[in-house]
Amino acid sequence: MKLVVIGGHSRNIGKTSLAAHLISELHDRNWTALKITQFGHGVCSTDGDPCDCQPADLDHPYAITREDNARGETDTARLLRAGARDVYWVRTRIGELSAVIPALRKLLAGRSHVLMESNSILDHIRPDLYLPVFDFAVPDFKSSSRYFLNRADALIIRDRADSAPPWDGVDPFPPADRPVFLVRPPDYCSPPLVQFVARRV
């Protein structure tokens with residue numbers, strides 16, 4: 001199995017758009033895609049805002065839901081619409097991501113190519129490719145993204161002509177020894193980036 005993990009330093013910076021474009025451009029890989037969300041006390045760990053991530057009937061630390069509606073507006077629907085063979089929304093309580101790992105390994109057994117949207121999964125799984133997304137106009141920098149920055153295989157940076165990294169404690173940025181791909185909406189991707197991923201997986 002070839003595994004690509006897409007992360008990012010904050011929310012709404014193009015992670016799902018990048019994932020969908022890679023799935024579409026490399027459709028021959030028969031992707032299985034997963035979006036991983038952590039929740040607790042009625043809020044997402046992603047941004048601390050109120051959410052409906054927690055299933056009403058959840059009686060264990062996680063839930064795995066298969067996406068079947070390609071016409072929907074959710075992130076998982078976008079991944080299915082892009083051409084993924086199977087798409088799952090994985091929800092875990094904050095701090096309990098490890099509980100779902102055995103179920104994920106069973107779910108993904110025999111899959112050829114898997115794409116996950118998550119930073120924290122890197123605590124438990126070593127991917128073939130980790131691609132974090134960055135936008136210098138967004139000041140938030142998640143601790144998980146900061147922690148895993150040195151594991152990045154390449155950095156995906158939104159191309160803004162007159163911007164510079166605003167983050168304290170992330171120096172130097174970008175690291176000089178990592179490939180950098182500049183991207184723009186709406187795809188948050190580029191032909192050189194697609195070629196880079198294709199060579200690796």
Side-chain angles (χ1 to χ4, degrees), residues 1-9 13-38 46 62-92 97-134 144-145 148-157 178-183 185-201:
M1 179 181 75
K2 295 293 186 179
L3 173 60
V4 176
V5 171
I6 294 177
H9 74 94
I13 57 172
K15 298 186 296 293
T16 303
S17 295
L18 170 60
H21 196 75
L22 288 176
I23 289 170
S24 177
E25 288 293 314
L26 301 173
H27 60 276
D28 60 320
R29 266 61 171 185
N30 285 323
W31 294 99
T32 297
L34 294 86
K35 181 177 179 66
I36 299 176
T37 304
Q38 297 188 68
T46 303
Y62 67 86
I64 302 175
T65 306
R66 180 187 171 109
E67 179 61 78
D68 293 315
N69 179 18
R71 296 183 179 181
E73 297 302 319
T74 63
D75 288 346
T76 50
R78 292 175 62 192
L79 298 175
L80 189 61
R81 197 159 53 244
R85 184 183 70 177
D86 296 301
V87 179
Y88 299 91
W89 186 21
V90 180
R91 289 164 283 175
T92 74
L97 184 57
S98 60
V100 77
I101 299 303
L104 288 185
R105 293 190 187 281
K106 183 177 180 180
L107 176 70
L108 299 176
R111 311 275 178 151
S112 62
H113 288 76
V114 175
L115 188 150
M116 295 183 182
E117 187 180 320
S118 172
N119 285 318
S120 299
I121 196 69
L122 296 177
D123 264 331
H124 309 282
I125 294 176
R126 182 170 294 277
D128 296 280
L129 204 56
Y130 171 48
L131 304 173
V133 180
F134 300 92
S144 59
S145 186
F148 291 118
L149 181 59
N150 67 343
R151 300 248 315 256
D153 293 283
L155 303 171
I156 316 304
I157 300 177
R178 308 296 157 86
V180 171
F181 295 92
L182 299 179
V183 298
D187 296 332
Y188 290 88
C189 199
S190 67
L193 176 54
V194 172
Q195 293 166 12
F196 176 79
V197 175
R199 288 195 299 269
R200 298 288 295 269
V201 300

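Only this structure's heavy atoms are used, side chains among them; waters, hydrogens and symmetry mates stay out.
Residues Leu97 and Asp123 form no side-chain contact, since every pair of their non-hydrogen atoms from C-beta on lies 4.5 Å or further apart. Two residues are said to be in side-chain contact when any heavy atoms from C-beta on lie closer than 4.5 Å; Tyr88 and Thr32 meet this criterion. Looking only at side-chain heavy atoms (C-beta outward), Arg111 and Asp86 come within less than 4.5 Å of each other. Inter-residue side-chain proximity for Leu104 and His124 is flagged as unmet; no heavy-atom pair is nearer than 4.5 Å.
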Exercise answer: donor-acceptor pairs, residues 192-201 side-chain atoms, under 3.5 Å, sequence neighbours excluded:
from   : atom 1 : to     : atom 2 : distance (Å)
Arg200 : NH2    : Asp153 : OD1    : 3.2

Identify each donor-acceptor pair in which a side-chain atom of residues 126-134 lies under 3.5 Å from a protein atom, sequence neighbours left out, and give them as a table.
from   : atom 1 : to     : atom 2 : distance (Å)
Asp128 : OD2    : Leu3   : N      : 2.7
Tyr130 : OH     : Asn119 : OD1    : 2.8

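Rounded to the nearest 0.5 Å, atoms CG (Leu80) and CZ (Arg85) are 12.0 Å apart. Taking CG from Leu34 and CG from Leu79, the interatomic distance works out to 9.5 Å, rounded to the nearest 0.5 Å. Rounded to the nearest 0.5 angstrom, Leu108 CG and Met1 CE are separated by 5.5 Å. For the atom pair OH of Tyr188 and CD1 of Ile6, the computed distance is 13.5 Å after rounding to the nearest 0.5 Å. Atoms CG and CD, on Asp75 and Glu117 in that order, are 6.0 Å from each other to the nearest 0.5 Å.
Screening Ser144, Ser118, Ser120 for a side-chain hydrogen bond (donor to acceptor under 3.5 Å, both in side chains) with Gln38, the sole residue that qualifies is Ser120.
Nearest heavy atom pair, residue Tyr62 against residue Ala99, reads CE2-O, 3.5 Å.
Judged purely by atom type and a 3.5 angstrom limit, Arg178 uses its side chain to pair as donor or acceptor with the backbone of Asn150. The closest donor-acceptor contact from the side chain of Arg78 to the backbone of Ala20 lies at 3.5 Å or more, if one exists at all.
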Quiz prompt | Evaluation steps, side-chain contact (heavy atoms from CB on, under 4.5 Å), between Leu155 and Leu149 | solution = CA-CA 9 Å; Leu155 303 171; Leu149 181 59; 3.8 Å; yes
Quiz item: Checking side-chain contact (heavy atoms from CB on, under 4.5 Å) for the pair Thr65/Thr76: CA distance, chi angles, key distance, verdict?
Solution: CA-CA 10 Å; Thr65 306; Thr76 50; over 6 Å; no
Quiz prompt | Val183 and Leu18: CA distance, side-chain angles, deciding distance, side-chain contact (heavy atoms from CB on, under 4.5 Å) verdict | solution = CA-CA 9 Å; Val183 298; Leu18 170 60; 5.8 Å; no
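Residue pairs satisfying the side chain to side chain donor-acceptor pair (under 3.5 Å) criterion with at least one member in residues 20-31, sequence neighbours excluded, are absent.
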